[in-house]
Each structure stands twice: as C-alpha cells, then as structure tokens.
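Only one structure is covered here, and it is reproduced in the block below.
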Amino acid sequence: MNLATKLTRYKAWANKRTITYLLGLPEGEAEKPRSTHFGSILHSLQHSYIVDDIFRAPLLAKPHGYSRRLSNTPPSLPEFWKDVQAMDAW
C-alpha cells in the first residue's frame with residue numbers, strides 16, 4: 001500500500017471516529033459557539049473538509065468553486081457527515 005492510500009484511509013477512520021462521537025453528544029454541541037479560531041467544532045471540521053475539497057479539485061481537473069476556506073453557515077452535523085463520507089469514499 002502506498003503512503004497516500006494509507007494516509008487517506010487513516011483520515012477516513014479518524015473522520016468516522018470523530019463524527020460518530022459528535023453525533024452521540026447532546027444536540028447542538030458540535031455547533032455550539034466556542035472560543036476557537038473557527039467558532040465551533042463543526043466549523044473547525046468543515047474548514048478541514050473545504051481544504052480537502054480544494055485540494056481534490058485540480059486532481060479532478062475542475063474548479064473548486066470556493067472563495068473562502070469556511071462557509072458562513074455550516075450544514076447540520078448529519079448532513080456534513082454525509083459529505084465527509086462521500087469525500088472519504090472518493
């Protein structure tokens with residue numbers, strides 16, 4: 001197995017562990033305002049997802065369409081998890 005494959009599999013594993021844990025918390029905890037750079041757990045994770053998607057775009061020879069590395073309104077945690085799973089499957 002090459003290093004890139006190993007690292008992407010590890011990231012998928014870590015995403016699953018992290019988001020499964022967050023889904024088990026009381027509703028709204030992932031979105032709750034926090035004193036972090038991105039303002040919430042979900043916004044922090046979404047930043048990482050967007051950067052991954054920006055990185056993926058040239059590999060697919062298409063524009064990424066982002067103007068920022070963070071959205072003004074993140075999706076719900078279950079919706080975000082679907083997006084992350086699709087990215088990890090890619």
Side-chain angles (χ1 to χ4, degrees):
M1 176 183 326
N2 70 36
L3 182 59
T5 300
K6 184 183 261 187
L7 291 173
T8 54
R9 286 185 182 176
Y10 177 77
K11 187 165 187 331
W13 172 85
N15 285 338
K16 182 177 181 181
R17 297 240 347 170
T18 301
I19 296 174
T20 299
Y21 176 81
L22 292 173
L23 287 167
L25 293 175
E27 189 172 334
E29 279 299 309
E31 298 87 354
K32 184 178 175 179
R34 308 216 184 245
S35 58
T36 67
H37 181 73
F38 295 109
S40 73
I41 295 168
L42 183 55
H43 249 131
S44 296
L45 293 172
Q46 188 196 37
H47 165 74
S48 179
Y49 171 84
I50 289 171
V51 171
D52 286 349
D53 205 21
I54 289 170
F55 178 79
R56 176 174 64 165
L59 298 174
L60 298 173
K62 66 178 195 172
H64 55 72
Y66 295 101
S67 60
R68 303 177 57 217
R69 293 174 304 229
L70 189 64
S71 74
N72 292 330
T73 54
S76 68
L77 186 58
E79 186 181 329
F80 176 70
W81 180 219
K82 288 179 187 176
D83 293 342
V84 170
Q85 288 175 303
M87 174 78 75
D88 288 343
W90 173 81

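The model shown is predicted, which means the values in this text are computed figures rather than measured ones.
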### Task
Identify, with sequence neighbours excluded, every residue that meets ring pair (Phe, Tyr, Trp, His ring centres under 6.0 Å) alongside Trp13.
Tyr10

### Query
Which pairs pass salt bridge (Lys or Arg N to Asp or Glu O under 4.0 Å) with one or both residues in residues 5-14, sequence neighbours excluded?
Lys11-Asp52

### Message
With rounding to the nearest 0.5 angstrom, report the OG1 to CG distance, Thr20 to Leu25.
### Response
11.0 Å

### Summary
Here the salt bridge (Lys or Arg N to Asp or Glu O under 4.0 Å) pairs for residues 36-46, sequence neighbours left out, are none

### Message
Under 4.5 Å between side-chain heavy atoms, counting indirect links through other Ile/Leu/Val/Met/Phe/Trp/Tyr residues: same cluster for Ile50 and Phe55 or not?
### Response
no

### Query
Are the side chain of Thr8 and the backbone N or O of Thr5 linked by a donor-acceptor pair below 3.5 Å?
yes

### Summary
Interatomic distance, CD1@Ile19 vs CD@Gln85, rounded to 0.5 Å, equals 7.5 Å

### Query
In this structure, which one of Met87, His64, Lys62 forms a side-chain contact (heavy atoms from CB on, under 4.5 Å) with Arg56?
Met87

### Summary
Correct closest heavy-atom pair for Pro63 and Ala57 would be C-CB, 4.0 Å

### Query
With sequence neighbours left out, which residue pairs that include part of residues 78-90 fulfil the salt bridge (Lys or Arg N to Asp or Glu O under 4.0 Å) condition?
none

### Query
Taking only residues two or more places apart in sequence, or in another chain, which ones meet His47 in a ring pair (Phe, Tyr, Trp, His ring centres under 6.0 Å)?
Phe38

### Query
Quick one: CG on Leu23 to CG on Leu77, what's the gap to the nearest 0.5 Å?
4.5 Å

### Task
Would you mind reporting whether Gln46 and Pro75 have side-chain heavy atoms less than 4.5 Å apart?
yes

### Query
Do Val51 and Trp90 belong together in a cluster built from hydrophobic side chains that touch within less than 4.5 Å?
no

### Query
Between Pro58 and Ile54, which heavy-atom pair has the shortest distance, and what is it?
CD-O, 3.1 Å

### Query
Under 4.5 Å between any side-chain heavy atoms of Thr18 and Tyr21, yes or no?
no

### Query
When rounded to the nearest 0.5 angstrom, what is the spacing between CZ in Phe80 and CG in Leu45?
5.0 Å

#### Entry: Pairs satisfying salt bridge (Lys or Arg N to Asp or Glu O under 4.0 Å), at least one member in residues 30-47, at least two apart
Glu29-Lys32, Glu29-Arg34

